[in-house]
S.K.: 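Structure provided below as structure tokens; questions to follow.
Note that these values count all heavy atoms, side chains included, but never hydrogens, waters or copies made by symmetry.
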Amino acid sequence: MNFEVRCGVVIAVFAAIMSVSDLVAGKYGDDEIIGTNDKAAAYMWYQSKSIKETLVEGEKSLLESLKEAGAVNPQAAAGVDKHIANLNRKILRYKKEKNEILKGSQTVGPENWVQDLNGELGKIIGAQELESHLASLAQAGDRFDTASLFFQICLVLGAMSLVLKKEKLQSIFFSGMCLLGTVGTGLSVWAYLSLN
């Protein structure tokens with residue numbers, strides 16, 4: 001088999017591997033965008049629970065202040081105490097909900113599941129879990145990007161080896177193409193395996 005055919009086949013193989021690598025990288029890029037949106041939504045959800053908790057704590061504090069100041073008549077004191085106890089339960093629940101939203105159901109454990117998702121407990125993926133997953137996706141994305149760079153330079157070297165007429169230069173560029181294509185393939189596989 002002459003050099004042009006051999007070089008053309010190797011170029012085609014690396015171009016095909018690059019295409020597959022770019023396709024997989026695109027899928028993980030989409031996952032990163034979705035994950036970023038999910039993380040933002042989780043933090044907004046956490047914030048809404050914090051606001052609710054702050055409002056309930058304010059109400060409880062006001063009732064306790066009124067009671068201590070003697071502004072609550074003795075006949076209503078039992079009802080106010082009962083309401084304060086109810087507010088304490090709400091505050092505790094908001095704290096648990098916030099913790100589950102922040103850390104995730106799997107991290108807090110079944111005994112601390114209080115926040116449901118579509119009527120089911122234990123399904124919350126926490127904002128911190130999403131951050132960790134996003135960091136993995138970003139790292140894999142960087143590896144895919146580096147692999148793409150190696151593939152592109154590999155294809156340029158392959159094209160140069162076809163254009164050149166000197167056998168020694170053809171051999172050098174062909175070897176460079178094979179080396180960079182192999183590195184690109186290795187980086188793509190590494191990026192893929194780091195997410196699976």
S.K.: Apply the test side-chain contact (heavy atoms from CB on, under 4.5 Å) to residues Phe174 and Ile11: give CA-CA distance (whole Å), side-chain angles for both, the deciding distance (0.1 Å), then the verdict.
M.R.: CA-CA 9 Å; Phe174 181 79; Ile11 288 173; over 6 Å; no
S.K.: My understanding is that only one of Leu179, Val183, Thr185 makes a side chain to side chain contact (heavy atoms under 4.5 Å, CB included) with Phe150; could you say which?
M.R.: Val183
S.K.: Are the side chains of Ile17 and Phe14 in touch, meaning some heavy atoms are under 4.5 Å apart?
M.R.: yes
S.K.: Students often mix this up, so state it plainly: with edges at 30° and 60°, are the rings of Tyr28 and Tyr192 parallel, tilted or perpendicular?
M.R.: tilted
S.K.: Is it the case that Gln152 and Ser148 place a side-chain donor and acceptor less than 3.5 Å from each other?
M.R.: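 Yes - a donor-acceptor pair under 3.5 Å links their side chains.
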S.K.: When rounded to the nearest 0.5 angstrom, what is the spacing between CE in Met177 and CZ in Phe151?
M.R.: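 Atom-to-atom, Met177:CE and Phe151:CZ are 12.5 Å apart.
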S.K.: Give the intermediate values and the outcome of side-chain contact (heavy atoms from CB on, under 4.5 Å) for residues Asn112 and Glu100.
M.R.: CA-CA 8 Å; Asn112 292 308; Glu100 189 173 2; over 6 Å; no
S.K.: Rounded at 0.5 Å granularity, tell me how far CE in Met18 sits from CG in Leu155.
M.R.: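 Met18 CE to Leu155 CG: 5.5 Å, rounded to 0.5 Å.
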S.K.: Should Glu131 and Tyr43 count as side-chain neighbours, where that means a heavy-atom distance under 4.5 Å?
M.R.: yes
S.K.: Report the C-alpha distance between Ser161 and Phe3 in whole Å, list the side-chain angles of each, state the deciding distance to 0.1 Å, and finish with yes or no for side-chain contact (heavy atoms from CB on, under 4.5 Å).
M.R.: CA-CA 9 Å; Ser161 70; Phe3 176 78; 4.0 Å; yes
S.K.: Leu164 and Phe173: which non-hydrogen atoms are nearest, and at how many Å?
M.R.: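 Scanning both residues completely, I find the closest heavy atoms to be CD1-CD1, 3.3 Å.
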S.K.: Is any side-chain heavy atom of Trp113 closer than 4.5 Å to a side-chain heavy atom of Lys96?
M.R.: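 A side-chain contact under 4.5 Å is absent here.
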S.K.: Apply the test side-chain contact (heavy atoms from CB on, under 4.5 Å) to residues Val24 and Ser188: give CA-CA distance (whole Å), side-chain angles for both, the deciding distance (0.1 Å), then the verdict.
M.R.: CA-CA 9 Å; Val24 173; Ser188 294; over 6 Å; no
S.K.: Can you list the residues that meet the side-chain contact (heavy atoms from CB on, under 4.5 Å) rule with Ile153, with sequence neighbours excluded?
M.R.: Leu149, Leu157, Leu180
S.K.: Under 3.5 Å, is there a donor-acceptor pair linking the side chains of Asn118 and Lys123?
M.R.: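 Lys123 and Asn118 do not have a side-chain donor-acceptor pair below 3.5 Å.
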S.K.: Share the residues that join Leu87 in a hydrophobic cluster, the rule being Ile, Leu, Val, Met, Phe, Trp or Tyr side chains under 4.5 Å apart at the heavy-atom level.
M.R.: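 Besides Leu87, the cluster holds Val56, Leu62, Leu63, Leu66, Val72, Val80, Ile84, Ile91, Tyr94.
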S.K.: Please say which of Glu53, Gln47, Gln115 ends up in a side-chain hydrogen bond (donor to acceptor under 3.5 Å, both in side chains) with Lys98.
M.R.: Glu53
